[in-house]
Amino acid sequence: MCRVLAYIGPEIPVESLLLKPENSLINQTLDPERHPQLQLAGWGFGIWSEHLLKTEEPLLYHRPMAAFYDDNVAGIVPSLQASTLLAHVRAADYNSTVVLADENCHPFSYQGTPWMIAQNGDLPNWKLLQRELLQHCKDTFLEQMRGTTDTEFLYVLLLSLLEDDSDEGVQRGFEEMMKLIVKAMDSLQLPSLTKLKMALVAPNRIIGVNFGTGHQGETDPAGDWRELRKSGPGTDDFALSMLLEPMYLLMGRNFEDDDTTYDFEDCTEEEATSVILASEPLTENDGWMNLEFGEIVFLEKKGASITRSVDRLKV
């Protein structure tokens, strides 16, 4: 699976999020702590900032190469700052069937929606499942699809299902998307382990989702992910552990003032002014909270404060 990082809070240097923490996203490209593969298939980020000329649009950057080989990391990233960020490093199978192109690098962002998306996950057989799922996709989003990844197709499907952009509307959209995927797998007799660990981001908002299906297409797979991980890469138990592992979030304040450990100042949740959602913790801070399998989290910057609410997805 890939690695994802999302941030909302005061404007801070992008390099403080992507480059300088001890387990930064760029470091995870080469040395992920909780994934057996290197992230060599590309990377990208999208930001909103009051210092951009077009403050209402995200600035998007994609490159289909390992992030630690990208000379723009040192040339561009230190010149940027952001109040909302979504970044991603892409993992893919090590074979010639993988398409390395800008169009396949996350995050994805379309016209006609405030949301951009990135995920660390996998929808096996997605090209075949389209037989059942395309009927639920709207032309306005299908026409914008440029790449060949399951994530971009899921983005099209989700946007097509959204009734509105409220927290409740987005949750219903995710739940309906999962129901349609399970129904399609059943109709085509293509059950498989599906990982949908997504970050949906708009200005000052992050919606994180951690769900999917087990090996037989069940929506309630069970197990202790740490124990399952011991079976080792290539086993069904290991794959299930990757599904059941939580995503991680950290709330705090004054991240932008810490130029040594690049961590938040300890504070109560009510005092928090910033939040990070990530595939794995960026720091050794004990305050990282889990977004468990089957949960959706709503994070929003309101004034100087961050609000957080968590719910179970009903599939």
Side-chain angles (χ1 to χ4, degrees), residues 1-5 21-43 65-69 87-100 104 106 118-126 128-129 149-151 154 178 181-182 185 189-199 208-250 277-286 288-295:
M1 295 192 299
C2 311
R3 305 283 87 179
V4 172
L5 170 67
E22 55 196 279
N23 188 35
S24 71
L25 192 70
I26 302 302
N27 179 70
Q28 291 173 40
T29 307
L30 183 63
D31 186 27
E33 294 183 356
R34 305 192 179 184
H35 191 279
Q37 286 184 308
L38 303 180
Q39 321 287 304
L40 304 178
W43 81 292
M65 64 190 306
F68 53 84
Y69 281 135
H88 181 271
V89 291
R90 184 183 177 212
D93 292 336
Y94 301 148
N95 62 59
S96 60
T97 65
V98 176
V99 179
L100 301 181
N104 286 342
H106 309 210
Q119 78 153 338
N120 57 317
D122 181 33
L123 177 60
N125 305 308
W126 71 274
L128 299 179
L129 294 174
T149 66
D150 54 349
T151 301
L154 289 169
M178 192 74 255
I181 290 171
V182 171
M185 289 193 296
Q189 298 183 350
L190 292 171
S192 61
L193 187 145
T194 300
K195 297 181 291 288
L196 303 180
K197 296 173 181 285
M198 295 181 164
V209 169
N210 183 8
F211 73 151
T213 64
H215 290 288
Q216 303 306 314
E218 71 276 21
T219 58
D220 58 348
D224 182 327
W225 73 270
R226 293 184 183 277
E227 290 299 316
L228 291 166
R229 187 68 54 91
K230 295 176 182 178
S231 62
T235 65
D236 284 351
D237 280 355
F238 190 90
L240 183 59
S241 79
M242 300 295 285
L243 171 66
L244 297 177
E245 181 184 1
M247 297 179 76
Y248 303 90
L249 60 114
L250 182 65
L277 173 73
S279 301
E280 57 185 66
L282 305 187
T283 69
E284 296 296 328
N285 190 310
D286 293 333
W288 287 91
M289 297 176 283
N290 290 351
L291 180 67
E292 301 292 352
F293 178 80
E295 291 184 340

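FYI, the numbering just counts along the sequence from 1. Being a predicted model, the structure only gives us computed values, none of them experimental.
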Margin query: Pair Leu277, Leu5 - check side-chain contact (heavy atoms from CB on, under 4.5 Å), show working.
Written below: CA-CA 6 Å; Leu277 173 73; Leu5 170 67; over 6 Å; no

Next item on the list: Applying side-chain contact (heavy atoms from CB on, under 4.5 Å), run through Phe293 and Leu243 and close with a yes or a no.
Entry: CA-CA 8 Å; Phe293 178 80; Leu243 171 66; 3.5 Å; yes

Margin query: Would Val89 and Cys2 count as a side-chain contact (heavy atoms from CB on, under 4.5 Å) here? Give the steps.
Written below: CA-CA 6 Å; Val89 291; Cys2 311; 5.8 Å; no

Notebook entry, point to check: What's the verdict on side-chain contact (heavy atoms from CB on, under 4.5 Å) for Leu228 and Leu244, showing C-alpha distance, side-chain angles and the deciding distance?
Noted result: CA-CA 9 Å; Leu228 291 166; Leu244 297 177; 3.9 Å; yes

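Checking side-chain atoms of His215 against main-chain N and O of Asp236 turns up a donor-acceptor pair under 3.5 Å. Proximity of a side-chain donor or acceptor of Lys197 to a complementary backbone N or O of Glu245 within less than 3.5 Å is detected. A distance-only check finds a donor-acceptor pair linking the side chain of Glu295 to the backbone of Glu292 [under 3.5 Å]. Side chain of His88 to main chain of Gln119: a donor-acceptor pair is present (N/O by atom type, distance under 3.5 Å, no hydrogens or angles). Without hydrogens or angle criteria, Asn290 side chain to Pro246 main chain gives no donor-acceptor distance under 3.5 Å. Counting only distance, with no hydrogens or angles, the side chain of Asn210 and the backbone of Gly294 share no donor-acceptor pair below 3.5 Å. With Thr194 contributing its side chain and Gly212 its backbone, the two residues share no donor-acceptor pair below 3.5 Å.
In this structure, the side-chain hydrogen bond (donor to acceptor under 3.5 Å, both in side chains) partners of Ser241, at least two apart in sequence or on a different chain, are Arg229. Not counting sequence neighbours, Thr149 has no partner by the side-chain hydrogen bond (donor to acceptor under 3.5 Å, both in side chains) test. Every residue two or more places apart in sequence or in another chain was checked for a side-chain hydrogen bond (donor to acceptor under 3.5 Å, both in side chains) with Asp237, and none qualifies.
For the residue pair Leu282 and Trp288, the shortest heavy atom distance occurs at N-CZ2, 3.3 Å.
Atom OH of Tyr69 and atom CH2 of Trp43 lie 15.5 Å apart (nearest 0.5 Å). Rounding to the nearest 0.5 Å gives a distance of 3.5 Å between OG1 of Thr151 and NE2 of His106. Residue Glu280 holds its CD atom at 8.0 Å from OH of Tyr248, rounded to the nearest 0.5 Å. In this structure, CG on Asn120 lies 5.0 Å from CE on Met247, to the nearest 0.5 angstrom. Atom CG of residue Leu129 and atom CG of residue Leu123 lie 5.5 Å apart, to the nearest 0.5 angstrom.
Within the 4.5 Å cutoff, no side-chain heavy atoms of Glu218 are placed close to those of Thr213. Between Pro221 and Leu240 there is a side-chain heavy-atom pair separated by less than 4.5 Å. Looking only at side-chain heavy atoms (C-beta outward), Asp122 and Leu196 stay at 4.5 Å or farther from each other.
Taking a 6.0 Å sphere around CG of Asp286, one finds it holds 12 or fewer heavy atoms contributed by other residues, nucleotides or ligands.
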